[in-house]
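A quick note: this is a predicted structure, and the numbers were derived from the prediction, not measured.
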Amino acid sequence: MSELLSSLITEEMRMALVVVCAMIAVLYVLSIVWVVRDAYQRGAKWIVWGVVAIIPVVGLIAYCLLRPSMLQVDRDEQELEIAYKQRALQKYGNCATCGYPVEDDFIICPSCHTQLKNQCGRCGKPLDPTWTVCPYCATPVNGAGAAAQRRRPARRPETAQPVDGSTVAMNMPQERRRRRPSAE
């Protein structure tokens, strides 16, 4: 038997066996390095996965089955894309009457035909209801003068002469006017 083994195990076979064992050892070390790098790139606990990968073959298979599905860079890019789409959707609002999504420059709701904004008579741009002048062409908004007068109270005189001849400040609060002694 020993003769048979010595005839099979020649110097070339020993060298081939050493090379194969060295390649397996290199692949084992490289698999551990790959697991650690991949776990780090995927945002997983790379130290834990490195320890698991030390178990030959089983650790590598376990990592391949349980690793996170996306790289951290891809996850960040996906989150940015979602944030960008949400930001793009923010230019839309909802109709107060029917809830239909409308854009900022819509004048009427395309669903229920409710007037959402006023329209400039000169340039046709949509105007906010609180504006008194069109910011695009500097044209006063229709009824802006009347609206401005409604917002500003009429000027009251600082003092007025009551019928009895005493001087009373008209812009004083009612309580102070009542408490003031009359000059009779």
Side-chain angles (χ1 to χ4, degrees), residues 34-50 52 62-183:
W34 176 79
V35 166
V36 169
R37 283 190 71 226
D38 193 61
Y40 179 76
Q41 288 177 344
R42 292 178 187 271
K45 297 184 190 274
W46 60 272
I47 295 174
V48 173
W49 283 113
V52 170
Y63 176 72
C64 287
L65 291 175
L66 300 174
R67 70 182 181 169
S69 60
M70 293 176 64
L71 293 174
Q72 184 69 35
V73 172
D74 294 336
R75 256 185 280 156
D76 292 343
E77 185 177 329
Q78 187 178 41
E79 288 174 9
L80 282 173
E81 187 175 336
I82 289 170
Y84 174 74
K85 286 182 180 180
Q86 286 176 342
R87 189 173 192 157
L89 287 175
Q90 283 180 350
K91 71 176 185 177
Y92 295 99
N94 292 332
C95 175
T97 307
C98 67
Y100 189 82
V102 294
E103 292 185 24
D104 279 345
D105 59 346
F106 282 8
I107 296 172
I108 64 166
C109 174
S111 176
C112 67
H113 305 285
T114 302
Q115 184 172 357
L116 302 172
K117 294 190 175 192
N118 297 329
Q119 188 174 12
C120 177
R122 184 172 177 201
C123 67
K125 300 262 184 166
L127 302 173
D128 193 81
T130 60
W131 294 345
T132 57
V133 66
C134 175
Y136 304 105
C137 65
T139 303
V141 177
N142 293 342
Q149 285 178 356
R150 271 186 266 132
R151 272 189 246 131
R152 274 189 258 142
R155 278 187 66 109
R156 293 184 183 166
E158 290 295 319
T159 59
Q161 294 291 332
V163 178
D164 62 356
S166 63
T167 304
V168 179
M170 294 302 288
N171 58 357
M172 269 194 214
Q174 283 286 11
E175 300 118 27
R176 288 184 64 195
R177 274 192 245 156
R178 281 189 215 129
R179 283 188 269 149
R180 189 171 228 179
S182 60

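When every heavy atom of I108 is checked against every heavy atom of Q115, the shortest pair comes out as CG2-CA, 4.0 Å. Minimum interatomic distance between V141 and W131 (heavy atoms only, all atoms of both residues): CG2-O, 3.7 Å. For the pair V36 and G50, the tightest heavy-atom approach, listed with the atom from each and the gap, is CG2-CA, 3.6 Å. The nearest pair of heavy atoms linking T139 to C120 is CB-SG, 4.4 Å. Between I107 and P126 the shortest heavy-atom distance is CG1-CB, 4.0 Å.
Under the 4.5 Å side-chain criterion, counting only non-hydrogen atoms from C-beta, V133 is not in contact with L127. Side-chain contact between L66 and W49 is present, with at least one heavy-atom pair separated by less than 4.5 Å. V35 places none of its side-chain heavy atoms less than 4.5 Å from the side chain of C64. Proximity of I82 to Q78: side-chain heavy atoms (C-beta onward) are separated by under 4.5 Å at one or more points. A 4.5 Å side-chain heavy-atom check between P110 and Y100 finds at least one atom pair inside the cut-off. Annotation: side chain of C123 is in contact with side chain of C134 (closest heavy-atom distance under 4.5 Å).
Crowding of E77 atom CD: a count of heavy atoms from other residues, nucleotides or ligands under 6.0 Å not exceeding 12. More than 12 non-hydrogen atoms from other residues, nucleotides or ligands lie less than 6.0 angstrom from NZ of K117. Enclosure of atom CZ in F106 by more than 12 non-hydrogen atoms of other residues, nucleotides or ligands within 6.0 angstrom is indicated. Within 6.0 Å of CZ in R75 there are more than 12 heavy atoms belonging to other residues, nucleotides or ligands. More than 12 non-hydrogen atoms from other residues, nucleotides or ligands lie less than 6.0 angstrom from CZ of R67.
In this structure, R42 contributes its side chain and P68 its backbone to a donor-acceptor pair below 3.5 Å. In this structure, Q72 contributes its side chain and Q41 its backbone to no donor-acceptor pair below 3.5 Å.
Of the charged side-chain nitrogens involved, at least one lies within less than 4.0 Å of a carboxylate oxygen, so that K85 and E81 count as a salt-bridged pair.
The CD atom of E103 sits 11.5 Å away from the CG atom of L116 when rounded to the nearest 0.5 Å. Of the inter-residue distances, the one linking D76 atom CG with L71 atom CG reads 10.5 Å to the nearest 0.5 angstrom.
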